[in-house]
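We name chains A, B, ... by the order of the sequence lines, and we start the count at 1 in each one.
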2 protein chains.
Amino acid sequence: MQISELSDRSGLTVQTIKFYIREGLLPKGSAVSATRSEYDERHLERLRLINALRDIGDLPVAAIQQIIASVDDPSVGLHELFGTTQYAIGPHVERPDDPHWRAAREDVDALVRELGWKVGGGAPARDLLAHSFVALRRLGFPITLTDLRPYVRAATEVAEHELRRVSDDAPRTRTVHSLLVSTVLYEQVLTALHRLAQEDASARRFGA
Amino acid sequence: MQISELSDRSGLTVQTIKFYIREGLLPKGSAVSATRSEYDERHLERLRLINALRDIGDLPVAAIQQIIASVDDPSVGLHELFGTTQYAIGPHVERPDDPHWRAAREDVDALVRELGWKVGGGAPARDLLAHSFVALRRLGFPITLTDLRPYVRAATEVAEHELRRVSDDAPRTRTVHSLLVSTVLYEQVLTALHRLAQEDASARRFGA
DNA sequence: CCGGTTGGATGGCGTTACCATCCATCCGAG
DNA sequence: CTCGGATGGATGGTAACGCCATCCAACCGG
């Protein structure tokens with residue numbers, strides 16, 4: 001198909017598609033002549049993935065580019081892709097040379113050790129959590145292990161469920177998409193349900 | 001204290017503080033002369049709140065401004081503040097006049113009804129969830145109620161715990177901060193733990 | 001043959017969250 | 001009393017981001 005059809009079917013403008021190609025998110029079509037290239041279903045599929053990661057996952061184009069690079073490299077295993085995704089998602093907070101920060105980060109590391117979780121030391125989620133600890137303490141709401149228990153339980157159960165759902169006997173493309181969907185899109189599902197549940201709980205506690 | 005001390009103690013530049021005052025996030029100091037104003041601990045506290053909402057919650061300044069306006073209005077009840085916060089957080093997705101979208105939105109509404117949740121019909125989280133449904137279907141990963149069950153359970157338990165933790169016998173300021181902290185900051189805590197738990201599950205399933 | 005499409009390149013735009021400057025005023029140490 | 005430095009208030013600039021608009025030469029297809 002031509003780029004205009006790709007544009008129609010994906011719902012993205014031709015300009016945007018060109019932009020994604022320039023940024024390395026989408027491979028070029030196969031050149032048929034100097035002014036014509038042929039695109040196929042894989043391009044459409046790829047655009048749908050990009051769109052989902054941007055629209056729902058709210059990922060920056062640069063992060064998607066990194067993820068795509070791993071997706072397209074067949075030597076990258078599933079767990080490695082997982083790491084790439086987590087790292088690309090960020091957030092990449094500065095780690096100030098500050099005692100409060102170091103204490104919070106140490107608390108996070110201790111928690112991970114205690115739970116026996118196999119998590120890379122450079123995982124951005126560690127920093128995100130530590131960052132939250134610092135902010136909570138600065139606001140006078142110090143966080144305790146008791147506070148965290150329900151979160152840990154919820155996170156564990158959901159994550160187990162998600163990883164169980166990733167089929168690894170399908171073609172690589174399918175498996176990889178499945179993994180990305182589990183991590184990026186279902187994170188939003190969890191967030192949305194969390195917010196809805198909060199509103200319900202708030203209504204029952206404070207509602208008129 | 002003067003603005004320079006406020007700047008030092010909050011870690012924000014004088015320019016940024018001026019900017020927040022202009023945007024209505026921070027009340028002016030009480031004018032002592034034409035070129036001097038006095039700030040107090042409440043200003044500092046407010047800056048810490050703003051900083052947490054931006055840094056951790058990643059909220060746009062405009063959203064914080066709306067939240068602050070509710071916080072400062074004593075006639076706004078806690079549940080109402082909750083609604084304001086949810087609405088300010090967004091995301092405000094367009095709702096295309098599209099059968100897929102309408103079907104997804106109807107699925108969400110049915111789910112909320114079935115769970116008996118008291119949630120406003122205009123809650124952005126409904127749209128966020130519906131949006132996710134659409135994207136998942138477009139990618140060929142249709143979502144089922146079975147998939148959702150663990151998420152609903154996790155969200156419910158965490159939300160219950162959070163709302164239980166909001167003390168409503170403290171001064172309004174404290175209670176209100178507590179509510180905001182529960183909704184905005186603990187959402188990030190949940191997300192971070194979710195990611196860590198996923199990495200652990202991935203390591204055990206796919207790791208070398 | 002000619003209107004319309006494409007690849008490829010380049011420049012512009014709208015938003016967001018500030019930062020930098022400037023000016024007139026003012027404070028306060030000496 | 002004076003002068004360096006801080007302040008309030010206003011205005012303009014900036015950097016990143018994710019596109020969109022335009023242009024050109026080449027090309028296709030009716």
Q: Just verifying a value: how many Å separate I64(B) CD1 and R54(B) CZ, rounded to the nearest 0.5 Å?
A: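 So the CD1 of I64(B) and the CZ of R54(B) are separated by 6.0 Å.
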Q: Does OP1 or OP2 of dC19(D) have a side-chain N or O of Y20(A) closer than 4.0 Å?
A: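 True: Y20(A) side-chain N/O within range (under 4.0 Å) of dC19(D) OP1/OP2.
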Q: CG of L59(B) versus P of dC18(C): gap in Å, rounded?
A: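 Computing the L59(B):CG to dC18(C):P distance gives 12 Å.
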Q: Is the shortest side-chain N/O distance from T16(A) to OP1 or OP2 of dC20(D) below 4.0 Å?
A: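 Result: yes.
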Q: Taking CG from L6(A) and P from dT6(C), how many angstroms apart are they, rounded to a whole number?
A: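 Taking CG of L6(A) and P of dT6(C), I get 11 Å after rounding.
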Q: So what does E23(B) hit on the nucleic acid, given a heavy-atom distance under 4.0 Å: a base, only sugar-phosphate, or nothing?
A: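 Result for E23(B) = nothing.
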Q: Report the C-alpha separation of R48(B) and E41(B) in whole Å, then their side-chain angles, then the decisive distance to 0.1 Å, and conclude whether the salt bridge (Lys or Arg N to Asp or Glu O under 4.0 Å) test is met.
A: CA-CA 11 Å; R48(B) 282 205 250 265; E41(B) 294 298 324; 5.1 Å; no
Q: Heavy-atom contacts under 4.0 Å between residues 30-45 of chain B and DNA chain D, which residues?
A: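 Hits under 4.0 Å, by residue number: A34(B), T35(B), R36(B), S37(B), Y39(B).
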Q: With nearest nucleotide decided by heavy atoms, which residue, K18(B) or V61(B), maps closer to the 5′ end of DNA chain C?
A: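 Whichever sits nearer the 5' end wins; that is V61(B).
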Q: Please report, rounded to the nearest Å, how far the P atom of dA17(C) is from the CD1 atom of I64(B).
A: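 I64(B) atom CD1 is separated from dA17(C) atom P by 8 Å.
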Q: Take R137(B) and D107(B) through the test salt bridge (Lys or Arg N to Asp or Glu O under 4.0 Å) and record every step on the way to the result.
A: CA-CA 13 Å; R137(B) 285 174 189 153; D107(B) 287 346; 2.6 Å; yes
Q: Between I56(A) and V184(A), is the side chain to side chain contact (heavy atoms under 4.5 Å, CB included) condition met? List the steps.
A: CA-CA 8 Å; I56(A) 312 295; V184(A) 178; over 6 Å; no
Q: Passes side chain to side chain contact (heavy atoms under 4.5 Å, CB included), T173(A) versus R42(A)? Steps please.
A: CA-CA 10 Å; T173(A) 304; R42(A) 294 199 315 271; over 6 Å; no
Q: Please report, rounded to the nearest Å, how far the P atom of dA26(D) is from the CD1 atom of I3(A).
A: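 Result: 20 Å.
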Q: Quick one: E5(B) CD to dG8(D) P, roughly how many Å, whole number?
A: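 Taking CD of E5(B) and P of dG8(D), I get 13 Å after rounding.
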Q: Within less than 4.0 Å of OP1 or OP2 of dT5(C), is there a side-chain N or O belonging to Q2(A)?
A: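 Looking at the OP1 and OP2 atoms of dT5(C), neither is under 4.0 Å from any side-chain N or O of Q2(A).
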Q: Starting from C1' on dT16(C), measure out to CD on Q65(B) and report it in whole angstrom.
A: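 Atom CD in Q65(B) sits about 15 Å away from atom C1' in dT16(C).
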Q: Do S70(B) and D73(B) meet the criterion of a side-chain donor-acceptor pair at a distance under 3.5 Å?
A: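 Their side chains do not contain a donor-acceptor pair, so the 3.5 Å distance test is not met.
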Q: Tell me which of P60(B) and Q15(B) sits closer to the 5' end of DNA chain C, going by the nucleotide each one is nearest to.
A: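 So the residue in question is P60(B).
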Q: Atom CE of M1(B) and atom P of dG8(D): how far apart are they, to the nearest Å?
A: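 To the nearest whole Å, that distance equals 13 Å.
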Q: Using a cut-off of strictly less than 4.0 Å, decide whether R54(A) has a side-chain nitrogen or oxygen near OP1 or OP2 of dC19(D).
A: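 Yes, within the criterion.
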Q: Separation of F19(B) atom CZ from dG13(D) atom C1', in whole Å?
A: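 After rounding, the reported distance stands at 14 Å.
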Q: Among L47(B), I3(B), L44(B), find the one that has a side-chain contact (heavy atoms from CB on, under 4.5 Å) with Y39(B).
A: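 The single option meeting the side-chain contact (heavy atoms from CB on, under 4.5 Å) with Y39(B) is I3(B).
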Q: For the side chain of R22(A), counting heavy atoms from C-beta on, which of dA6(D), dA9(C), dA17(C) is nearest?
A: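 That would be dA9(C).
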